[in-house]
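The first residue of the sequence shown is numbered 1, and numbering continues consecutively from there. All values derive from a computational prediction rather than experimental measurement.
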Amino acid sequence: MNNLNRFLETLDSYQVTDGKTFDLEHFSPDDDGGLGLDKEHGKALLAAVKTRLQELQELLYANQTRSLLIVLQGMDTAGKDGTIKHVMSGVNPQGVSVTSFKQPGPSELLHGFLWRIHLAAPQAGRIVVFNRSHYEDVLVTRVHPELLENEHLPGETNTPAFWQGRYSDIRHLEHYLSRQGTVVLKFFLHISREEQRKRLLARLDIPDKRWKFSTADLREREFWNEYKSAYQDAIAGTAREHAPWTIVPANQKWYARLVVIGTIIRALHNLNQTMPDPSPEITRQLDNYRDSLLNEETPPKNKKKS
C-alpha cells in the first residue's frame, strides 16, 4: 500500500462525529499517524494530494449542486493562516473564498450571533473557509463572559443552560446547511502549550512578525486551561455525523496541513461527482458551432514585401 493510501486510512482516528465520547486528552498534538513520514516525505505527499484537490474542486464548481464549508479553529499560533495558504494554494480562486471573523461590530451585535455566519455560508459550487467562526461565540465569550454584556441579550447569560442553548443553535444551523447541500468540515488545530511558547518566541524574535501581535494576544496565553476546557465542551456539544470535527495534530505544521487537505479530499471524493453533461439543446448548439469553426475559411497570409 502506498503512502497516500496508508495516510488516508489514518484520518478516521482524528475525526469526531459523536460528542458524547469525546475527550481532548485522548488526542496528541504530536501524533504523526505512525506512518514513519518525515518532513520531506510529507511535502511530496502534500504536492500529490493538492493535484487531487484541484480536480475535485473543479467537479464541485462545475456541478453547482453541493458546496463545502471549512471551519478552522485553534489556539493562537496554531497555524490557521499558514494552513489556508498551503492547503488552498493551487485551487481555482474563482471558486474559493476565505472569511475571517473578527470581533463583531455594533451592527452585528444587534443581531443574533449566527446572523453574520449564515450570510457568509457558501453558495452552490463554492468552497468557503472560515478563519475562526461562530465557535468564537462559545470560546472567547466563554472564557471572557463579560463580552456577553455587549450582545443585547435577554435573560440570564453565562449559565450551563445558556451555553447548551448556543451549542444547540450551532447544531441546528450546521444541520440546516448540510440539508441544503453544504458539506460541513470543522478542524481544531491542536497544539501543545509548549509548542505555542516556542512559536510566540519565534514571532517575537523576528521584527517583521511582530505586527501579528495585539495587546489582547499577550494576555490570552494566561487563559490556556480555560480555552482548552471551552474547546472540549464546544466540540463535544457540536460534533455530529453531518458536521464532524477533525482534531488535527498541529505541533508539526507539515503534518497538520496534510491532515486538513486529506480530510477535504476524502469528503469531496465521497460526493461521487462527475462532469455534468450539457443539455441536448446545448450539445447541438456546440456541435454546430464546432462545425462552423472547422468550415471557416482561413484568411490568406500577407505576403512579405521584398
Show which residues join L201 in its hydrophobic cluster (side-chain heavy-atom contacts under 4.5 Å, direct or indirect), or state none. none
I want to know whether H144 and F223 have ring centres closer than 6.0 Å. yes
Can you tell me how far CG of L114 sits from NE2 of H134, rounded to the nearest 0.5 angstrom? 7.0 Å
Qualifying residues under side chain to side chain contact (heavy atoms under 4.5 Å, CB included), relative to T17, sequence neighbours excluded: Q15, E241, P244
For Y227, check ring pair (Phe, Tyr, Trp, His ring centres under 6.0 Å) against everything at least two apart and list the hits. none
Got a sec, which pairs hit salt bridge (charged side-chain N to carboxylate O under 4.0 Å, His left out) with one end in residues 255-279, sequence neighbours left out? D12-R266
Using the test ring pair (Phe, Tyr, Trp, His ring centres under 6.0 Å), find all partners of F188 that sit at least two apart in sequence or belong to another chain. H190, Y231
Can a salt bridge be assigned to the pair E174 and R171 using a cut-off of 4.0 Å between side-chain N and carboxylate O? no
In terms of side-chain geometry, is the basic nitrogen of R284 or E281 positioned less than 4.0 Å from the acidic oxygen of its partner? yes
Side-chain donor-acceptor distances from residues 147-158 under 3.5 Å, at least two apart:
| unit_1 | atom_1 | unit_2 | atom_2 | d |
| --- | --- | --- | --- | --- |
| E151 | OE1 | R166 | NH2 | 2.6 |
| N158 | OD1 | W163 | NE1 | 3.1 |

Taking only residues at least two apart or on different chains, which pairs with a member in residues 100-118 satisfy side chain to side chain donor-acceptor pair (under 3.5 Å)? none
Taking NZ, NE, NH1 and NH2 as the nitrogens, is one of them in E55 or R52 under 4.0 Å from a carboxylate oxygen of the other? yes
If hydrophobic residues (ILVMFWY) are linked whenever their side-chain heavy atoms come closer than 4.5 Å, directly or via other members, who joins I282 in its cluster? L286
Pairs involving residues 243-263, ordered by first then second residue, that meet ring pair (Phe, Tyr, Trp, His ring centres under 6.0 Å) (sequence neighbours left out): Y135-W245
To which residues is Y289 joined in a hydrophobic cluster, defined by side-chain heavy-atom contacts under 4.5 Å among Ile, Leu, Val, Met, Phe, Trp and Tyr, whether direct or through other members? L293
Cluster membership besides I206, Ile/Leu/Val/Met/Phe/Trp/Tyr side chains within less than 4.5 angstrom, sorted by chain and number, is none
Which residues satisfy the side-chain hydrogen bond (donor to acceptor under 3.5 Å, both in side chains) test with R132, sequence neighbours excluded? D76, E136
